[in-house]
Amino acid sequence: MINITLPDGSTRKVESGTTAHDIALEISEGLARNVLAAEVNGEVWDPQREIHSDASLKLLTWNDDAGKNTMWHSSAHLLAEALEALYPGVKFWVGPPIEHGFYYDVDFGDQTFTDKDFAAVEQKMLELAKAKNPFIRKEISKADAIALFEAKGDEYKLDLLEGLEDGTITLYTQGNFTDLCRGPHMPHTGFVKAAKVMSIAGAYWKGDESNKQLTRVYGITFPKKQELTAYLELLEQARARDHRKLGKEMDLFAFSDKVGQGLPLWLPKGAELRSRLEDFLKEAQRKAGYQGVITPHIGNKELYITSGHYAKYGADSFQPIQTPSEGEEYLLKPMNCPHHCEVYKARPRSYRDLPVRFAEFGTVYRYEQSGELHGLTRVRGFTQDDAHIFCTADQVKEEVSNVIDLVLYIFKILNFEDFVVQVSLSDPENPEKYIGSDENWEKAERAIQEVAEEKGLNTIVALGEAAFYGPKLDFMVRDAIGRKWQLGTVQIDYNLPERFELEYVGADNSKHRPVMIHRAPFGSMERFVAILIEHCAGKFPLWLTPEQVKILPISDRFNEYAEGVSKVLENHDIRALVDDRSEKVGKKIRDAELEKIPYMLIVGESEAAEGTVSVRKQGEGDIGGLTVEAFAERIRSEIAEMLKKED
RNA sequence: GCCGAUGUAGCUCAGCUGGUAGAGCAACGCAUUCGUAAUGCGUAGGUCUGCGGUUCAAGUCCGCAUCUCGGCUCCA
């Protein structure tokens, strides 16, 4: 007999060899029907696998991430089975679960597979699912496994086998399909009630761009049909908020083939939105003790040789600009840090001056791979809300703390409520990868972690993810429909102060090296605006939106009164326009609603007579009449309320 | 950069197996003067991404280039 401990702390005595499925059955038949996998002593197992020693057990269903992953991993095998049935001779590499569904990397050989073939594959998958074929686990010796896949002529599985140790190799079979796989899998294929092949794409074998490309087939499955429908609706919703679509519809930005790939053009409304964000951050930074600096868009190549960026990125960047002077070369600046180092060096610094914080909305140019460009989130010319803090090692903690406060303030004002903080530290196994003294690293890593903890941030620590020049802290936000984005970043840097020989005179009258902190709360204006658009689906907060109010006269006779209202609002710094087209008010309302203008003011006979406006809020409808002054006051206080969230 | 798909009016899209382009919305004009999500009529707008090729004839077929999109790789 063995003891099984369940998550609620209760213990069951069962025969050795009992499976998780058996235990689920003891609890309830309904539960047993839904168990996809089981966590046995912290390891995810097949529910059918026999347990032979005391263990802690957690039954996993569709509601657990690990349960979902198991089903999707099994679904990848189901996909493979369907593909093998329809395309005899195809070869498979790997098929893992991903955040939404799974994929399988497939070598179709001479056969073609296009999106027109998806439906047939989906049908086959469902047919195979209906058969409720069990997933059968089999341990196999390495020699037998090699023989098996050699017979099949499957070079991919043979390659996988090379990396595996004898004694740990398992095969899984469902129906007619057998795959080399560590598992675990759900009990049988019947759990899949809905299947969709989402897309195909090329993917390098082993992720190496010098290898051949396989066809990556993406799919997703669900235990209920309606969950698939809901998922497809969510995707539809995401498409509707896509910043590329909204940016075009709302006249915020554009691209031009003539100007060049990945070089955004900010249209008047987008420019206005952006500069309002910049002003907002500038004001917050001014209060936080930053000083603005301005540096040129190009820099002598020597600058980047000193910084080390030329050696690392020179070949993949916009190439140097020649001058009439022989041998003289300039680079479009790919980052602001080297310039700011030179700002620091413009005069000798004393420990009494530190910390100094140089801020600049610095436009930089990076030659991103063409296939990498994406709307405003990945471009070749963009403006960082950059700043560099130069301080002593002892000041790092407080400075990081202040930066975090600034980022949190911004998130609060802009309603990014759901975020985690990733702390990237050095890899303890490979200390030689990093520059800077052990003492300083330890100080900085401790400082970052302590600050994160003191602020009660939801933190994940990523060992080995630090940059070679220092540890960092990144904010990952979740937008309104649950997608994750990386926004603000704080990075500690021991490298550039060294390379630029930055110094300050200490209290001991000798020279010391400052620590440099890079930080960008937005990341870049382009990226941030893109994420903001998607987060709020184009309905910007009142204080940010380019057009706050549209005045809609009932007929041309009231255009004059409407203009008067507009003037009054203008005097209150409210951005209002009159829709003086000769259209019915219903049409004007519809257009203003679609333009996502927060307030519509309908004016006609009675309003003109009484000096009032009839107020309509976007998405909410008519909210009654107010005098013009009262409306202006309402807007003013609404905005004040939004910006007042300071701690 | 690589794999694949795509490019038709300002926008969203039709255009079957080759026979020199069409709709809705937007724009413009006229009429209408209207009360909370679309007034009517009319006008104008296109080297069908570009360059070559096949053909009596190319938006349609082929090649190359380019852009965009989905991924991969990359992201100082």
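Chain letters run A, B, ... following the sequence lines, proteins first and then strands; every chain starts at 1.
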Atom-pair distance ([atom1] on [X]; [atom2] on [N]), nearest Å:
X        : N      : atom1 : atom2 : answer
A/Met516 : B/rA76 : CE    : C1'   : 12 Å
A/Gln486 : B/rA76 : CD    : C1'   : 13 Å
A/Trp205 : B/rC2  : CH2   : C1'   : 17 Å
A/Glu595 : B/rC25 : CD    : P     : 18 Å
A/Tyr313 : B/rC74 : OH    : C1'   : 10 Å
A/Glu249 : B/rG10 : CD    : C1'   : 13 Å
A/Arg581 : B/rC25 : CZ    : P     : 14 Å
A/Tyr218 : B/rG70 : OH    : C1'   : 9 Å

Practice prompt. Would you please name every residue forming a salt bridge (Lys or Arg N to Asp or Glu O under 4.0 Å) with A/Glu593, sequence neighbours left out?
Written response: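 Per chain and number, A/Glu593 pairs via salt bridge (Lys or Arg N to Asp or Glu O under 4.0 Å) with A/Arg616.
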Using the [atom1] atom in both, what is the distance from [N] to [M], to the nearest Å?
N      : M      : atom1 : value
B/rC74 : B/rC2  : C1'   : 12 Å
B/rU32 : B/rC16 : C1'   : 43 Å
B/rA9  : B/rA21 : P     : 15 Å
B/rU60 : B/rU49 : P     : 8 Å
B/rG7  : B/rC72 : P     : 24 Å
B/rG46 : B/rU54 : P     : 30 Å
B/rG1  : B/rA14 : P     : 29 Å
B/rG22 : B/rC48 : P     : 14 Å

Set out, line by line, the N/O atom pairs under 3.5 Å between protein and nucleotides 3-5 of chain B.
unit_1: B/rC3; atom_1: O4'; unit_2: A/Gln213; atom_2: OE1; d: 2.0
unit_1: B/rC3; atom_1: O2; unit_2: A/Gly202; atom_2: N; d: 3.3

Fill in: Any A/His374 side-chain nitrogen or oxygen under 4.0 Å from OP1 or OP2 of B/rG70
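For B/rG70, OP1/OP2 do have a side-chain N/O of A/His374 under 4.0 Å.
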Discussion item. For a quick test of reading the model: is some side-chain N or O of A/Lys248 closer than 4.0 Å to OP1 or OP2 of B/rG10?
Written reply: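 For B/rG10, neither OP1 nor OP2 has a side-chain N or O of A/Lys248 closer than 4.0 Å.
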Which heavy atom of [X] sits nearest to which heavy atom of [Y], and what is that distance?
X        : Y        : answer
A/Tyr104 : A/Ala76  : CD1-O, 3.2 Å
A/Gln548 : A/Pro598 : O-CD, 3.4 Å
A/Met198 : A/Phe118 : O-CE2, 3.8 Å

Worksheet item: Hey, is the side chain of A/Arg378 pairing donor to acceptor with the base of B/rC75 inside 3.5 Å?
Response: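 Yes, the side chain and the base share a sub-3.5 Å donor-acceptor pair.
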Discussion item. Can you tell me whether the side chain of A/Tyr204 and the base of B/rG1 have a donor-acceptor pair closer than 3.5 Å?
Written reply: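 Result: at least one qualifying N/O pair found.
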Worksheet item: Of the options A/Tyr469, A/Tyr494, A/Phe468, A/Trp441, which is the one that meets A/Tyr434 in a ring pair (Phe, Tyr, Trp, His ring centres under 6.0 Å)?
Response: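 That would be A/Trp441.
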Quick one: which protein N/O atoms are closer than 3.5 Å to N/O atoms of nucleotides 41-50 of chain B? Pair and distance per line, please.
none

Worksheet item: Should the ring pair A/Tyr231 and A/Phe222 be called parallel, tilted or perpendicular, given that the plane angle runs from 0 to 90° and is split at 30 and 60?
Response: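 A/Tyr231 and A/Phe222: tilted rings.
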Worksheet item: A/His243 vs A/His374 aromatic rings, parallel, tilted or perpendicular, using cut-offs 30° and 60°?
Response: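 A/His243 and A/His374: tilted rings.
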Worksheet item: Does atom NZ of A/Lys196 have more than 12 heavy-atom neighbours from other groups under 6.0 Å away?
Response: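 For A/Lys196, atom NZ is not crowded (no more than 12 foreign heavy atoms under 6.0 Å).
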Worksheet item: With no hydrogens and no angle check, is any side-chain donor or acceptor of A/Arg380 less than 3.5 Å from a backbone partner on A/Glu368?
Response: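 At least one qualifying donor-acceptor pair exists.
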Worksheet item: Within the distance-only criterion (no hydrogens, no angle test), does the side chain of A/Arg513 pair as donor or acceptor with the backbone N or O of A/Leu502 below 3.5 angstrom?
Response: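 Present.
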Item to complete: Could you check whether A/Gly371 gets within reach of a base, just the sugar-phosphate, or nothing at all, counting any heavy atom under 4.0 Å?
Response: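 A/Gly371: base contact, heavy atoms under 4.0 Å.
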Item to complete: Taking atom types as modelled, find out whether A/Glu329 and A/Tyr310 have a side-chain donor-acceptor pair closer than 3.5 angstrom.
Response: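 Result is no, nothing qualifies.
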Worksheet item: Is it the case that A/Ser370 and A/Gln261 place a side-chain donor and acceptor less than 3.5 Å from each other?
Response: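 Side chains of A/Ser370 and A/Gln261: no pair found under 3.5 Å.
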Discussion item. What verdict does the salt bridge (charged side-chain N to carboxylate O under 4.0 Å, His left out) test give for A/Glu595 and A/Lys550, after you've listed the backbone C-alpha separation in whole Å, the side-chain angles of each residue and the deciding distance to 0.1 Å?
Written reply: CA-CA 10 Å; A/Glu595 278 181 76; A/Lys550 198 137 217 172; 3.4 Å; yes
Under-3.5 Å N/O pairs linking protein and nucleotides 65-68 of chain B:
unit_1: B/rC67; atom_1: OP1; unit_2: A/Gln261; atom_2: OE1; d: 3.0
unit_1: B/rC67; atom_1: O2'; unit_2: A/Asp257; atom_2: OD1; d: 3.3
unit_1: B/rU68; atom_1: OP2; unit_2: A/Gln261; atom_2: NE2; d: 2.7

Discussion item. Quick one, A/Phe475 with A/Phe416, criterion ring pair (Phe, Tyr, Trp, His ring centres under 6.0 Å). Give me CA distance, side-chain angles, the key distance, then yes/no.
Written reply: CA-CA 11 Å; A/Phe475 287 83; A/Phe416 286 106; over 10 Å; no
Worksheet item: Stepwise, does the side chain to side chain contact (heavy atoms under 4.5 Å, CB included) test hold for A/Arg274 with A/Phe528?
Response: CA-CA 9 Å; A/Arg274 167 176 159 170; A/Phe528 189 79; over 6 Å; no
Practice prompt. Under the ring pair (Phe, Tyr, Trp, His ring centres under 6.0 Å) rule, what do A/Phe358 and A/Tyr344 come out as? Steps first, then yes or no, please.
Written response: CA-CA 9 Å; A/Phe358 299 138; A/Tyr344 179 87; 7.1 Å; no
Discussion item. Between A/Phe419 and A/Leu487, does the side chain to side chain contact (heavy atoms under 4.5 Å, CB included) criterion hold? Intermediate values first, please.
Written reply: CA-CA 10 Å; A/Phe419 57 87; A/Leu487 281 184; over 6 Å; no
Worksheet item: side-chain contact (heavy atoms from CB on, under 4.5 Å) with A/Trp93: which of A/Asp159, A/Thr215, A/Asp107, A/Val106?
Response: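 So, applying the side-chain contact (heavy atoms from CB on, under 4.5 Å) to A/Trp93 and each of A/Asp159, A/Thr215, A/Asp107, A/Val106, only A/Asp159 qualifies.
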Worksheet item: Taking protein heavy atoms under 4.0 Å as touching, what does nucleotides 30-38 of chain B look like 5' to 3' if B marks base contact, S marks sugar-phosphate-only contact and - marks none?
Response: --BBBBBBB
Worksheet, complete the sentence: Under the rule of Watson-Crick or G-U wobble with both distances under 3.5 Å, where | means paired to another strand and [ ] a crossing pair, RNA chain B maps to (((((.(..((((.....[..)))).(((((.......))))).....(((((..]....)))))).)))))....
